[in-house]
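Below is one structure, written out as structure tokens, with a few remarks after it.
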Amino acid sequence: VDGHFKNYSTANGWPSNTITSIEDAPDGTMWFGTPSGLIRYSGNKWSVFTSRDGLPSDNITSLLTDSTGTLWIGTVSGLAVLRSGHITKPESMPSSLREEILGTAGDNIGNLWIATSNHILSVKPARLLSATLSDSDVREYGLEDGLIGKQGVKRFRSVFADAQGKIWFSTGRGLAVVDP
């Protein structure tokens with residue numbers, strides 16, 4: 001404020017002083033992932049969400065707001081979504097999306113790209129949200145697709161969509177990129 005920093009911490013009611021991810025939603029809401037919950041800043045008001053609110057774990061690893069305004073929440077225990085003010089875990093998730101989510105990104109053709117501790121996947125988000133997911137709606141990528149490794153690593157923005165629509169992955173064996 002006026003060229004001075006303002007600080008926020010557990011002294012302000014935050015669940016943790018460690019921020020693992022930050023997401024700026026199109027509606028101006030700011031989201032902050034922590035090892036102890038999800039924080040929302042909207043209209044000068046702070047709110048905290050935890051497993052009591054439907055998160056698979058309080059330990060947030062990644063955040064992504066897609067073009068529909070859905071917030072995809074990666075945790076150490078899998079994927080969750082926040083839509084219409086409610087956190088849910090998609091019913092039809094494959095087991096690979098119930099493990100630690102390291103990063104998420106959306107592409108320009110409507111897919112959600114996800115890196116977990118052991119998988120690199122693309123998913124049709126609408127099918128995942130509507131619980132009508134079939135095998136053809138989830139694609140797991142591996143060595144046969146040109147990856148030098150599929151074990152993800154925990155980094156800031158482990159998965160990133162660039163301006164040209166390519167999806168970049170930080171893996172345990174190097175950097176990988178795909179053009180969907």
Side-chain angles (χ1 to χ4, degrees), residues 1-93 97 101-116 121-133 137 154-168 180:
V1 180
D2 296 325
H4 292 47
F5 285 94
K6 178 142 176 82
N7 298 289
Y8 299 97
S9 68
T10 55
N12 303 92
W14 281 40
S16 175
N17 288 332
T18 302
I19 305 302
T20 56
S21 53
I22 300 173
E23 178 70 5
D24 181 17
D27 67 0
T29 300
M30 291 291 299
W31 294 97
F32 304 91
T34 79
S36 303
L38 176 67
I39 302 167
R40 174 180 60 199
Y41 180 68
S42 181
N44 293 324
K45 183 180 175 203
W46 298 95
S47 304
V48 176
F49 299 88
T50 65
S51 56
R52 291 184 305 274
D53 301 298
L55 289 170
S57 168
D58 291 342
N59 194 342
I60 309 300
T61 55
S62 66
L63 299 169
L64 172 71
T65 305
D66 70 15
S67 61
T68 69
T70 298
L71 179 67
W72 295 89
I73 307 162
T75 77
V76 297
S77 298
L79 191 64
V81 295
L82 188 138
R83 293 188 303 163
S84 305
H86 299 288
I87 296 173
T88 59
K89 295 171 270 198
E91 301 273 330
S92 62
M93 278 197 307
L97 293 179
I101 306 296
L102 300 176
T104 54
D107 66 22
N108 54 10
I109 57 174
N111 295 310
L112 184 64
W113 291 82
I114 301 168
T116 73
L121 308 152
S122 67
V123 180
K124 302 284 185 202
R127 302 291 294 242
L128 181 60
L129 293 172
S130 67
T132 58
L133 199 64
D137 297 321
K154 191 179 220 176
R155 303 205 193 296
F156 172 71
R157 297 185 101 171
S158 293
V159 181
F160 179 77
D162 71 17
Q164 290 76 40
K166 294 177 183 166
I167 309 297
W168 297 81

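Atom set for the values below is all heavy atoms of this structure, side chains included, hydrogens, waters and symmetry mates excluded. This chain uses plain numbering: 1 for the first residue, then up along the sequence. Values in this document were obtained by computation on a predicted structure and should not be read as measured data.
Rounding to the nearest 0.5 angstrom, the gap separating the CG atom in N59 from the OG atom in S51 is 11.0 Å. From F32, atom CZ reaches atom CD1 of I60 across 13.5 Å, with rounding to the nearest 0.5 Å. Taking CD1 from I101 and OG from S62, the interatomic distance works out to 6.5 Å, rounded to the nearest 0.5 Å. Atom OG1 of T88 sits about 7.0 Å away from atom CG of L129, to the nearest 0.5 Å. To the nearest 0.5 Å, the span separating CG on L97 from NZ on K89 amounts to 14.0 Å. Note that the CD1 atom of I87 and the CG atom of L55 stand 4.0 Å from one another [nearest 0.5 Å].
The shortest non-hydrogen separation linking G33 to L63 is N-CD1, 3.6 Å. Taking each heavy atom of P56 and A80 in turn, the nearest pair found is CD-CB, 3.5 Å. Across all their heavy atoms, P180 and K166 have their closest contact at CD-CA, 4.4 Å.
Although no hydrogens or angles enter the test, the distance criterion places no donor-acceptor pair under 3.5 Å between the side chain of N17 and the main chain of S9.
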Is there a side chain to side chain contact (heavy atoms under 4.5 Å, CB included) between Y8 and I39? Walk through the geometry before answering. CA-CA 11 Å; Y8 299 97; I39 302 167; over 6 Å; no

Given the rule in the side chain to side chain contact (heavy atoms under 4.5 Å, CB included) test, do L79 and T116 qualify, once you have shown the distances and angles that lead to the verdict? CA-CA 10 Å; L79 191 64; T116 73; over 6 Å; no

Go through the steps for T61 and V76 under the test side chain to side chain contact (heavy atoms under 4.5 Å, CB included), then give the verdict. CA-CA 7 Å; T61 55; V76 297; 3.7 Å; yes

Between V159 and I114, does a side chain to side chain contact (heavy atoms under 4.5 Å, CB included) hold up when you go through it step by step? CA-CA 7 Å; V159 181; I114 301 168; over 6 Å; no

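For residues 104-114, the set of pairs meeting the side chain to side chain donor-acceptor pair (under 3.5 Å) definition, not counting sequence neighbours, comprises D107-N111, D107-W113, N111-K124. The side chain to side chain donor-acceptor pair (under 3.5 Å) pairs that include a residue from residues 65-82 are E23-T65, D66-T68, D66-W72, T68-T70, where partners are two or more places apart or lie in different chains.
Under the 4.5 Å side-chain criterion, counting only non-hydrogen atoms from C-beta, L38 is not in contact with D53.
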Which atom pairs, donor and acceptor, lie under 3.5 Å between side-chain atoms of residues 41-49 and protein residues at least two apart or in another chain?
{"unit_1": "Y41", "atom_1": "OH", "unit_2": "N44", "atom_2": "OD1", "d": "2.6"}
{"unit_1": "S47", "atom_1": "OG", "unit_2": "R40", "atom_2": "NH2", "d": "3.3"}

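Scanning for side-chain hydrogen bond (donor to acceptor under 3.5 Å, both in side chains) contacts around R127 gives T132, D137, with sequence neighbours left out. Under the side chain to side chain contact (heavy atoms under 4.5 Å, CB included) criterion, S16 pairs with T18, T34, P35, S36, sequence neighbours left out. By the side chain to side chain contact (heavy atoms under 4.5 Å, CB included) test, S84 is found to be paired with no residue, residues two or more places apart in sequence or in another chain being considered.
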